[in-house]
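As structure tokens, the structure follows; a few thoughts come after it.
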Protein chains: 2
Amino acid sequence: MKLTEAEWQIMNALWENWPATARQIADRLPGDIKWAYTTIKTMLTRLTDKNAVKESKKGNVAVYEPILTRQNAQRSALKSLANQAFDGAFGPLMHFLLEDQKLSDKQKEDLLQALKTGEQKGEQE
Amino acid sequence: MKLTEAEWQIMNALWENWPATARQIADRLPGDIKWAYTTIKTMLTRLTDKNAVKESKKGNVAVYEPILTRQNAQRSALKSLANQAFDGAFGPLMHFLLEDQKLSDKQKEDLLQALKTGEQKGEQE
DNA sequence: GCGATTCTACTACATATGTAGAAGCTGTCA
DNA sequence: TGACAGCTTCTACATATGTAGTAGAATCGC
């Protein structure tokens, strides 16, 4: 499932808490985004068509909830990036991150921890 | 500098070795891509307009070379992804990778190494 | 009950992206 | 010296994406 930039914004707002109405989503969008209400509705319709969200009616107002999980969306975004920009390999991608980003000691600690404990398959939101 | 999917393909081929002609680039594209020669030329023109590559003439044939480095392209792609999908934080992105990807022991070793040795700023292609 | 407000469903439209055809140049090889 | 092959420049066009207006239905506040 491939999301566009604008769609990520909507989904991010929806994942924050759902079911949600278009209005609620609008209110949760980052402050620097100023879309017309109808723009948001349009995005939601498109996301519904894509089966990324499910729309239902509460009374005669639409409420939305994600079908696509954040985790899955992240996963496929990372996969695309890896393929596109890192020859499909996650290893180099990670290396790049490690080398490129100056990590705080705490972050390093965390990562070491994560590495040691192996696959700690955690949050399943 | 934001590249589209098709542009990544072209750039990947160009980074492989340059200066290169459109024909050479065409020959280097992954086997599953079958674009008309003119499609490639179009992409190269667009990339030139974007200042991602520089076109010059050798005789009367165009040769191309990257202006945008692979490393920079990767960097900004990662940054976009982090912003879009991981609230701008690389830490969680990395965690996600670690948790989601089953790494081989060797990969883990490598990463541990990379973590320990800190910023080993390597390849500067 | 009625005006103000809010939704919903449709439609619209510019720009971006993927993909390529057409026509004209040029070099090459018989 | 002409036919062919490969290159160049232009133009075209469908689909995707970002962004929103309009009109009519529903709802809220008094």
Side-chain angles (χ1 to χ4, degrees), chain A residues 1-14 19-65 68 73 76-77 80-81 83-85, chain B residues 1-14 19-65 68 73 76-77 80-81 83-85:
Chain A
M1 182 78 58
K2 188 83 178 160
L3 301 175
T4 70
E5 269 179 58
E7 287 170 347
W8 269 98
Q9 298 295 158
I10 302 285
M11 291 305 287
N12 280 334
L14 181 56
T21 64
R23 179 65 50 189
Q24 291 173 317
I25 289 172
D27 291 341
R28 281 186 218 141
L29 289 175
D32 52 323
I33 294 184
K34 274 142 184 34
W35 288 333
Y37 177 82
T38 51
T39 297
I40 291 162
K41 285 289 284 182
T42 300
M43 298 308 304
L44 283 167
T45 300
R46 289 184 186 169
L47 284 164
T48 301
D49 290 344
K50 281 190 173 187
N51 269 297
V53 314
K54 184 157 82 72
E55 178 186 328
S56 42
K57 291 281 187 176
K58 182 155 81 188
N60 38 19
V61 172
V63 292
Y64 302 88
E65 63 182 292
L68 175 65
S76 73
S80 293
L81 181 64
N83 279 322
Q84 185 147 85
Chain B
M1 181 77 59
K2 187 83 176 158
L3 301 176
T4 70
E5 269 180 59
E7 288 169 347
W8 269 99
Q9 298 294 160
I10 302 284
M11 292 305 288
N12 281 333
L14 181 55
T21 63
R23 177 67 48 191
Q24 292 174 317
I25 289 172
D27 291 341
R28 280 187 218 139
L29 289 175
D32 53 322
I33 294 184
K34 275 141 185 34
W35 287 333
Y37 178 82
T38 50
T39 298
I40 292 163
K41 286 289 284 182
T42 301
M43 299 307 304
L44 283 166
T45 301
R46 288 183 187 170
L47 284 164
T48 301
D49 291 345
K50 280 190 173 187
N51 268 298
V53 313
K54 185 157 83 69
E55 178 188 328
S56 42
K57 291 281 189 178
K58 183 156 79 188
N60 39 19
V61 172
V63 292
Y64 302 87
E65 63 182 291
L68 175 65
S76 74
S80 292
L81 181 63
N83 280 323
Q84 185 147 83

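Chain letters run A, B, ... following the sequence lines, proteins first, then strands; residues in each count from 1.
In this entry the distance linking CD of B:Glu5 with C1' of C:dT19 reads 14 Å, nearest Å. Following rounding to the nearest Å, A:Gln84 (CD) and C:dT17 (P) show an atom-to-atom distance of 12 Å. The nearest whole Å value for the distance from the NZ atom in B:Lys58 to the P atom in D:dT8 is 12 Å. If you measure from atom CH2 of A:Trp35 to atom P of D:dG18, you get 8 Å, rounded to the nearest angstrom. The CD atom of A:Glu7 sits 12 Å away from the P atom of D:dA16 (whole-angstrom rounding). Following rounding to the nearest Å, B:Gln9 (CD) and C:dG18 (P) show an atom-to-atom distance of 10 Å. Counting to the nearest Å, the C1' atom of D:dG6 and the CG atom of B:Asp27 are 13 Å from each other. If you take CG of A:Asp49 and P of D:dT15, they are 16 Å apart, rounded to a whole angstrom.
In this view, A:Val63 and A:Pro19, A:Thr21, A:Ser56, A:Lys58 satisfy the side chain to side chain contact (heavy atoms under 4.5 Å, CB included) rule, not counting sequence neighbours. Residues satisfying the side chain to side chain contact (heavy atoms under 4.5 Å, CB included) test with B:Ala73, not counting sequence neighbours, are B:Leu3, B:Trp8, B:Trp15, B:Leu68. When the side chain to side chain contact (heavy atoms under 4.5 Å, CB included) test is applied to B:Arg28, the partners found at least two apart in sequence or on another chain are B:Ala13, B:Glu16, B:Asn17, B:Ala20, B:Gln24. Listed by chain and number, the residues in a salt bridge (charged side-chain N to carboxylate O under 4.0 Å, His left out) with A:Glu5 amount to none (sequence neighbours excluded).
Comparing A:Thr39 and A:Gly59 against DNA chain D, the residue whose closest nucleotide sits nearer the 5' end is A:Thr39. Each of A:Lys2 and A:Ala36 has a nearest nucleotide on DNA chain D; the 5'-most of these lies closest to A:Lys2.
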For residues 42-50 of chain A, which side-chain N or O atoms pair as donor and acceptor with protein atoms under 3.5 Å away, sequence neighbours left out?
from    : atom 1 : to      : atom 2 : distance (Å)
A:Thr42 : OG1    : A:Thr38 : O      : 2.9
A:Thr45 : OG1    : A:Lys41 : O      : 3.0
A:Thr48 : OG1    : A:Leu44 : O      : 2.7
A:Lys50 : NZ     : A:Lys2  : O      : 2.7
A:Lys50 : NZ     : A:Glu7  : OE1    : 2.7
A:Lys50 : NZ     : A:Glu7  : OE2    : 3.3

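Summarising the geometry of B:Leu81 relative to A:Ala77, their closest heavy-atom pair is CD1-CB, 3.5 Å, with the distance given to 0.1 Å.
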Expected string for nucleotides 7-13 of chain C under the B/S/- scheme (protein heavy atoms, under 4.0 Å, primed atoms plus P, OP1, OP2 as sugar-phosphate) is SBB----

